[in-house]
Amino acid sequence: MFIRPIRMIFILLFLPVLASAQNEISFVVENGPEFQDANGKVLTLATTGGLNQPQLFVIDINNDGTNDLFVFDRSGKKVTSLIQIATGKYQHQPRYDQIFPKITSWCVFKDYNMDGKPDLWLRDDDNQSVSLFRNTTTSTDNHIQLTLVNQTLRAYNHGSPPLDTSDMYCDAANLPAVEDVDGDGDIDFLTLQKFGSGITLFRNVTADNNLPLDPPVYIEADVCWGDFIEGDATNEIILRRNQFCYKKLKKHAGGSSLLLIDGDEDDDMDLVLGNAGFSNLIYLENGRLDASKQFDTMISYDPKFPSNTRQAKLNTFPAAFYQDVNGDGINDLLVGVNYTDKTSGYFRESGVLLYYTNSGKNNKPVFNFQDSTFLVSDMLDLGSHTAPVFWDMDADGDQDLIIATNGDWGLTADRHDKLVLYENIGTKSKAIFKHAVDDYLGLEKDSIQRLVPTFGDLNKDGKPELLIGEVNGTLILYNIVGSGKTASASKVSDNAFNIDAGSSSAPFIGDVDGDGDNDLLIGCYEGNTFFYKNTSTTTVPEFELVSDTFGGMMANRKIIQVFWNAEKEELYDSLVYFSIGYSSPKLMDLDGNDNPEFILGGEDGTLKIVRDIRSYQTGEAFTAFEYVNYLPQTMTCYNYTVGSNSIAAIADLNDDGKQDIMVGNSRGGIQFMRGSEDCNPLSVTVPQINLTLRVYPNPVDQQLTIQDLPTKSVVQIFDLQGVQHNVCINDQAADVSSLANGIYILRVTAGNAWYTTKFTVIH
């Protein structure tokens with residue numbers, strides 16, 4: 001991809017500050033307003049943000065004694081907390097979304113120490129390791145608490161301690177099975193073998209050696225678990241052991257999803273297997289006990305699982321989850337897509353999550369297909385790219401919502417984005433949005449990719465024009481013909497104003513400099529924002545580039561590059577990083593002082609707000625941006641993340657004088673941020689007792705001392721965007737040598753007491 005060079009860059013350190021009391025700017029992330037589908041059905045999970053590649057687990061998130069539904073989506077690396085409000089009925093409560101450790105590819109909840117509380121297993125992509133967090137929740141906690149046990153789990157190689165060890169593994173594209181495989185009372189770990197030639201069993205030997213269950217102790221017991229072979233480039237199962245299983249043989253590219261269940265009540269674990277590149281799940285029956293085998297051995301398989309009801313078949317790479325989501329005490333079956341790589345084939349990104357109830361038992365399930373849109377039928381879920389914008393399209397005095405979307409990769413291949421109109425059928429004080437037109441203004445025929453819309457009066461005729469950003473970095477200009485649901489768009493130019501932002505242009509029309517003319521702010525893939533001033537003295541707009549890095553601000557996230565090793569025929573993570581920005585600028589007076597704020601969305605999924613931009617001189621770098629959402633971990637105001645690719649639409653939807661925000665994302669949905677008095681939602685209980693600790697040195701290079709640290713305390717470290725960083729805590733010191741330079745927040749919790757402070761890492 002050609003990267004356009006940046007001509008004018010301001011380099012500075014952005015230091016977050018909190019809004020002043022006299023001019024408060026803050027938003028609470030919550031559900032609302034009401035959304036209806038085309039038939040008038042109320043979408044109870046409308047502003048949850050959509051689902052693409054969900055992983056689902058039943059746990060008690062808010063510690064009220066009732067199980068909730070934890071959802072992690074590979075797309076955008078987003079956690080969604082669905083709190084159970086009635087049996088089998090869930091409500092998104094965003095304040096819990098960021099209480100969990102950083103998750104980037106896969107996770108599993110499974111109780112390893114048998115204390116009745118599910119613990120968290122995840123892949124640490126930064127260290128390419130398997131990490132384990134203990135559930136340390138107590139009765140006084142207002143939500144689940146997770147404490148790092150081991151950042152890099154290791155296993156003894158083909159024998160018992162004290163032989164040599166190597167790291168346990170489960171690559172990012174895979175899903176492991178974390179279960180008691182051998183029925184001895186401790187939790188084992190099953191994963192696709194690194195080079196794809198078989199399935200590896202990391203066996204937990206704590207029970208064998210009469211050791212405590214905490215911590216677990218693993219050996220690499222078998223790299224061809226189950227004694228079966230998967231066909232190369234086929235989905236064939238061969239029921240015999242691969243004689244070359246210890247050699248580095250390529251099975252198939254992509255990965256596998258593993259689920260272990262006792263499907264036939266014979267006390268051994270059967271396997272439900274999903275494979276990259278294939279659309280079905282395969283059920284493999286384990287004959288270890290009923291066929292008197294010495295080891296776990298697959299003796300039959302069903303490629304049409306579950307064969308007694310509708311087959312669990314998706315476009316590609318299905319993943320199965322065995323969880324009790326309807327609250328009847330028996331595990332149900334959920335099946336979603338596990339793929340994120342769009343170069344490997346089409347897969348659906350909206351309206352697909354298969355749901356099967358279980359009319360049998362946990363160890364002898366009878367699955368009954370219910371629907372293919374579990375949860376998502378109650379969400380606004382349009383695909384994998386949403387860019388919302390508010391405008392009063394029917395001139396009735398309230399704001400309608402227009403959402404650009406890719407329309408679902410599995411249906412459109414991202415080749416012809418469209419606009420969807422949600423008409424506001426409510427009032428100025430209570431917005432109610434109803435799905436009105438699916439291809440609003442008729443743009444789908446124009447084959448636009450990564451469509452980002454903005455409305456504004458550019459020719460001073462009192463009517464709005466539509467300006468579109470697209471993947472090639474140019475702009476498309478349309479005139480709006482008519483109004484409301486029957487309006488259409490007439491194309492004026494495919495290369496409006498000869499502006500080229502390089503790639504993935506995201507325009508905004510507004511008066512940046514306060515001279516009464518509408519100017520342009522344009523975001524792009526590289527993360528900078530172009531500022532084009534309107535220099536026209538007539539009704540024909542003319543734009544002049546003032547800055548290609550407005551305010552010196554970037555909206556970038558660093559992504560590690562993945563390369564293909566042709567000799568080994570495998571993908572591998574490199575140590576090379578590249579930046580993705582997808583900057584999306586907006587301008588709005590949020591505090592009512594007639595000096596607008598600059599709101600910047602981007603790849604990192606947050607919204608950064610710069611105060612009173614007209615107080616800066618032309619070309620001057622912004623000196624600060626603000627975080628304005630409540631963060632439960634630190635009990636202060638920081639940025640909530642919608643996952644990735646945040647694009648904001650801003651309007652006062654309840655006529656309270658405060659602007660509200662609707663945010664699009666990479667999962668094809670939207671989330672809502674209500675303008676509020678402060679960042680603290682009343683439903684969050686803040687501990688009343690403060691700890692007195694001494695933390696030094698500050699700044700710190702290698703080791704942060706935490707003097708007077710109480711026993712049985714929980715130590716957590718977050719960056720300024722609320723992402724938790726896992727570091728080694730030994731006695732009264734934290735090893736921060738792995739942290740990048742920057743400002744971090746230390747939080748120590750001991751029972752109902754807490755301590756929080758900022759510290760700076762400088763290497």
Side-chain angles (χ1 to χ4, degrees), residues 11-21 98-102 124 126-127 131 133 136 145-148 151 552-554 556-558 604 606 608-611 621-641 679-680 686-763:
I11 301 175
L12 72 160
L13 174 66
F14 290 118
L15 297 177
V17 297
L18 296 180
S20 60
Q98 290 178 233
I99 66 176
F100 296 92
K102 178 182 177 182
D124 182 336
D126 292 334
N127 294 291
S131 298
F133 290 78
T136 55
Q145 301 286 338
L146 297 163
T147 302
L148 181 64
Q151 186 170 356
M553 247 181 122
M554 302 290 286
N556 287 50
R557 169 186 281 177
K558 288 187 176 181
D604 69 355
T606 66
K608 299 176 178 66
I609 298 176
V610 179
R611 285 292 196 105
F622 301 143
T623 57
F625 65 81
E626 297 186 6
Y627 294 102
V628 291
N629 298 122
Y630 182 77
L631 187 65
Q633 297 100 316
T634 57
M635 294 166 284
T636 47
C637 300
Y638 291 97
N639 252 14
Y640 178 89
T641 174
C679 297
N680 295 288
V686 178
Q688 300 299 310
I689 308 169
N690 291 350
L691 294 173
T692 301
L693 303 177
R694 185 179 173 218
V695 178
Y696 62 90
N698 191 7
V700 60
D701 177 15
Q702 299 293 321
Q703 183 167 285
L704 185 71
T705 298
I706 312 170
Q707 190 171 315
D708 302 321
L709 183 67
T711 58
K712 297 184 179 179
S713 57
V714 177
V715 180
Q716 297 168 294
I717 292 176
F718 304 89
D719 62 28
L720 291 179
Q721 294 181 351
V723 176
Q724 184 170 350
H725 293 261
N726 304 322
V727 302
C728 180
I729 309 294
N730 185 12
D731 195 14
Q732 297 201 2
D735 181 1
V736 298
S737 59
S738 62
L739 298 180
N741 288 349
I743 300 172
Y744 295 85
I745 293 172
L746 170 77
R747 183 184 178 194
V748 178
T749 306
N752 206 35
W754 63 279
Y755 173 86
T756 182
T757 188
K758 290 182 181 179
F759 66 93
T760 303
V761 174
I762 299 179
H763 298 302

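For this chain, numbers begin at 1 and follow the sequence in order.
The CG atom of L704 lies 6.5 Å from the CG atom of L746; values are rounded to the nearest 0.5 Å. We find the CD-CG distance between Q716 and L148 to be 10.5 Å, quoted to the nearest 0.5 Å. Rounding to the nearest 0.5 Å gives a distance of 11.5 Å between OG1 of T705 and CG of N698. To the nearest 0.5 Å, the span separating CG on L739 from OG1 on T760 amounts to 11.5 Å.
Taking 4.5 Å as the limit, every side-chain heavy atom of T641 sits out of range of all side-chain heavy atoms of D604.
In this pair, H725 and Y744 present their aromatic rings perpendicular. The plane angle is above 60°, beyond the 30 to 60° band.
The two residues D124 and D126 come nearest to each other via the heavy atoms OD1-N, 3.0 Å. For the pair D708 and L693, the tightest heavy-atom approach, listed with the atom from each and the gap, is O-CD2, 3.1 Å. The shortest heavy-atom contact between V736 and H763 is O-CE1, 3.7 Å.
The side-chain hydrogen bond (donor to acceptor under 3.5 Å, both in side chains) check on S131 picks up nothing, with sequence neighbours excluded. Considering only residues two or more places apart in sequence or on other chains, T147 meets the side-chain contact (heavy atoms from CB on, under 4.5 Å) condition with T136, V714. The side-chain hydrogen bond (donor to acceptor under 3.5 Å, both in side chains) test applied to Q707 returns Y696, not counting sequence neighbours.
Using a distance-only test at 3.5 Å, with no hydrogens or angles considered, no donor-acceptor pair links the side chain of Q151 to the main chain of V727.
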